[in-house]
Amino acid sequence: MHNYLVIQPVVATALAENKPVVALESTVITHGLPYPDNVETAVKMQTAVREGGAMPATIAIIKGQVHVGLTDDQLEYLGRLAGTAVRKCSRRDIPLAIGNEEDGATTVAGTMILAHQAGIRLFATGGIGGVHRGHPFDISADLLELGRTPVTVVSSGAKSILDLPATREVLETNGVPIIGYGTDELPAFFARSSGLPVDIRLDTPEAVARIVQAHQQTGLQNGLLVTVPVPEADACDPQMVEVAISRATQEADEQGIHGPAATPWLLRRVVELTNGRSLQANVALLRNNGYTAATIAQALTGLS
Ligand code: PSU
Ligand code: MN
C-alpha cells in the first residue's frame, strides 16, 4: 500500500477477507454539523453501518496522513476542528494537506478518491454538492468526481440550497446514473422528493448490488449515485425549509460568501434559521444512509 495511507487494522482485515466495508466522509463532521452533535452523529452513523452488517471506515487526513477508519479519539479530535480553518479536501486539496502535513476533512469527492485507493466500493453520506443557485460556474467537485471514480455513493440527494435541475444535468453529462432507492424522485435532502425523476427505481439492496456488480464488470470508471429519501418521521416541512434556504442563499449573496466557504456557511445558517429543526432530519438521514449502504455492501459481497 501507499505509505501515506493508514488503514485501520479492523478495516484492513475486513477488506482482506472480502467482508462488506462502507466508507464515511469527514467534511460533514468539520463543516456540516456543529460540535458536539457532529461527533455524536459520526458515532451513530458508524453504529448504523455495523447494524446494517458492514464495517465502517471514516476517512480523514490527520497531520498529513490519510486515515481510513478512525478511532474514537481521532473522531473527537476532528469534531473539535469544527468552526476552525481546517482544510476541506476535494481532489484539488488532497496533495496540499498531505504534503504540508496538515489536517484535512474529506468531502464526497475527496472521500471517493481515497476510498477507491483503499479498495472500498461503497460510501455513505448525507448530501452531495451540486451546482449553486444563481452561480452556474460554482459546480461542486463532487459531481466531476462521480464522473471519474468508480465508487457507489449513497446519499439523500442534494439540499435545495443548490440548483437541483442543473445538478441533475451535470450528473448526466458526467455519465452518473441516479438510482432511486424506494423512490421515483430525486430526494432533496430534508424533503423526500424534488419533483425531478431518478434514472431507475430499485427497492432492495440486492437489486442495487446487481447494478454495482454490472458496472464493475463493464470496467466503466465513473461512480454511481444511490439516493435514499430521509425517513418519513424525520422529514422537514418543505415550506419551512424552503423559507430558511431562500433567506440563507440571499444572505450569502449579500455578504459575498462564495467558493468552498459557500456550502459550510449555508449549512450552518439553515440550521440556525430552522431553530435546529433541520438538524434532526440531518442526523436521521445520515444514520439511515449508513444502514442502507451497509445492506447494499453486504448484498454485493454475496455476488462476488
Ligand atoms: N451537503 C450537505 N452536507 C455536507 C456537505 C454537502 O448537506 O456536509 C459537504 C460534503 O462534504 C460535500 C461538500 O462533499 O459539502 C460539498 O462542498 P462544495 O459544494 O464546496 O463542493
Ligand atoms: Mn464550490
Side-chain angles (χ1 to χ4, degrees), residues 23-35 37-38 41-42 45 58-61 78-79 81-83 86-94 104-115 123-147 149 151 153-164 166-167 170-171 176 186-191 194 223 225 227-230 236 241 244-245 248-249 252 257-271 274 278-286 288-290:
L24 304 171
E25 61 152 308
S26 44
T27 294
V28 65
I29 301 173
T30 55
H31 295 73
L33 296 166
Y35 180 84
D37 302 271
N38 57 359
T41 306
M45 205 177 171
T58 305
I59 298 183
I61 301 174
L78 271 184
L81 295 177
V86 57
R87 195 182 290 275
K88 184 179 144 196
C89 296
S90 290
R91 176 175 285 263
R92 176 192 70 177
D93 316 280
I94 289 173
T106 53
T107 63
V108 169
T111 306
M112 285 181 77
I113 295 169
L114 300 169
F123 161 29
T125 188
I128 61 162
V131 182
H132 279 268
R133 277 199 205 174
H135 300 273
F137 289 102
D138 187 350
I139 301 170
S140 173
D142 294 353
L143 304 186
L144 304 187
E145 206 56 55
L146 278 161
T149 298
V151 167
V153 179
V154 178
S155 79
S156 294
K159 286 200 174 82
S160 56
I161 55 174
L162 301 168
D163 180 337
L164 297 181
T167 298
V170 174
L171 286 170
V176 183
L186 176 66
F189 201 83
F190 296 124
S194 64
L225 186 60
T227 58
V228 187
V230 59
C236 287
V241 169
I245 284 173
T249 39
I257 314 283
H258 52 79
T263 297
W265 193 92
L266 289 166
L267 297 178
R268 187 173 41 78
R269 194 67 186 119
V270 169
V271 173
T274 59
S278 61
L279 202 58
Q280 183 192 332
N282 208 336
V283 173
L285 65 85
L286 283 165
N288 188 50
N289 295 348

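One-based numbering, in listed order, for ligands and for the atoms of each.
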Is a side-chain donor or acceptor of K88 paired with a backbone partner of P260 at a separation under 3.5 angstrom? yes
Closest heavy-atom pair, C236 versus S278, reported as atoms and distance to 0.1 Å, is SG-CA, 3.9 Å
With nothing but distance in play, are any N or O atoms of K88 less than 3.5 Å from an N or O of ligand 1? yes
Over all heavy atoms of both residues, which pair between N289 and S156 is shortest? Give the atoms and the distance, please. ND2-OG, 3.0 Å
Closest non-hydrogen atoms of L24 and A124, given as atom of the first, atom of the second and distance, are CD2-O, 3.5 Å
Could you tell me whether G259 and ligand 1 have an N or O pair separated by under 3.5 Å? no
Shortest protein heavy-atom distance from atom 1 (N) of ligand 1, along with the residue and atom involved: G127 O, 3.5 Å
Check T263 against ligand 1 and report side chain, backbone, both or neither, counting heavy atoms closer than 4.0 Å. side chain
So is there a nitrogen or oxygen of D142 less than 3.5 Å from a nitrogen or oxygen in ligand 1? yes
A student checking ligand 1 against H132 at a 4.0 Å heavy-atom cut-off should list atoms 19 (O)
For ligand 1, which atoms have a heavy atom of V28 less than 4.0 angstrom away? 8 (O)
re atom 9 (C) of ligand 1, the protein heavy-atom contact at minimum distance is T27 CG2, 4.1 Å
State whether the side chain of R268 and the backbone N or O of P34 hold a donor-acceptor pair below 3.5 Å, judged by distance alone. no
Given V108 and F123, is the side chain to side chain contact (heavy atoms under 4.5 Å, CB included) satisfied, shown in steps? CA-CA 9 Å; V108 169; F123 161 29; 3.8 Å; yes
Report the nearest protein non-hydrogen atom to atom 21 (O) of ligand 1: residue, atom name, distance rounded to 0.1 Å. S140 OG, 2.7 Å
Test side chain to side chain contact (heavy atoms under 4.5 Å, CB included) applied to D142 and T107, T111, T263, the passing residue: T107
Checking contacts here: is it the side chain or the backbone of E25 that comes within 4.0 Å of ligand 1, counting heavy atoms only? Could be both or neither. side chain
Are the side chain of T106 and the backbone N or O of I59 linked by a donor-acceptor pair below 3.5 Å? yes
Looking only at protein heavy atoms, what sits closest to atom 7 (O) of ligand 1 is K159 NZ, 2.4 Å
Quick check: does any side chain N or O of T274 sit under 3.5 Å from a backbone N or O of V271, one acting as donor and the other as acceptor? yes
Check all N, O or S atoms of D138 and name the one closest to the Mn ion (ligand 2). OD1
Before signing off on this row, confirm whether S90 and ligand 1 have an N or O atom pair separated by under 3.5 Å. no
Name the closest protein heavy atom to atom 4 (C) of ligand 1, giving the residue it belongs to and the distance to 0.1 Å. L267 CD1, 3.5 Å
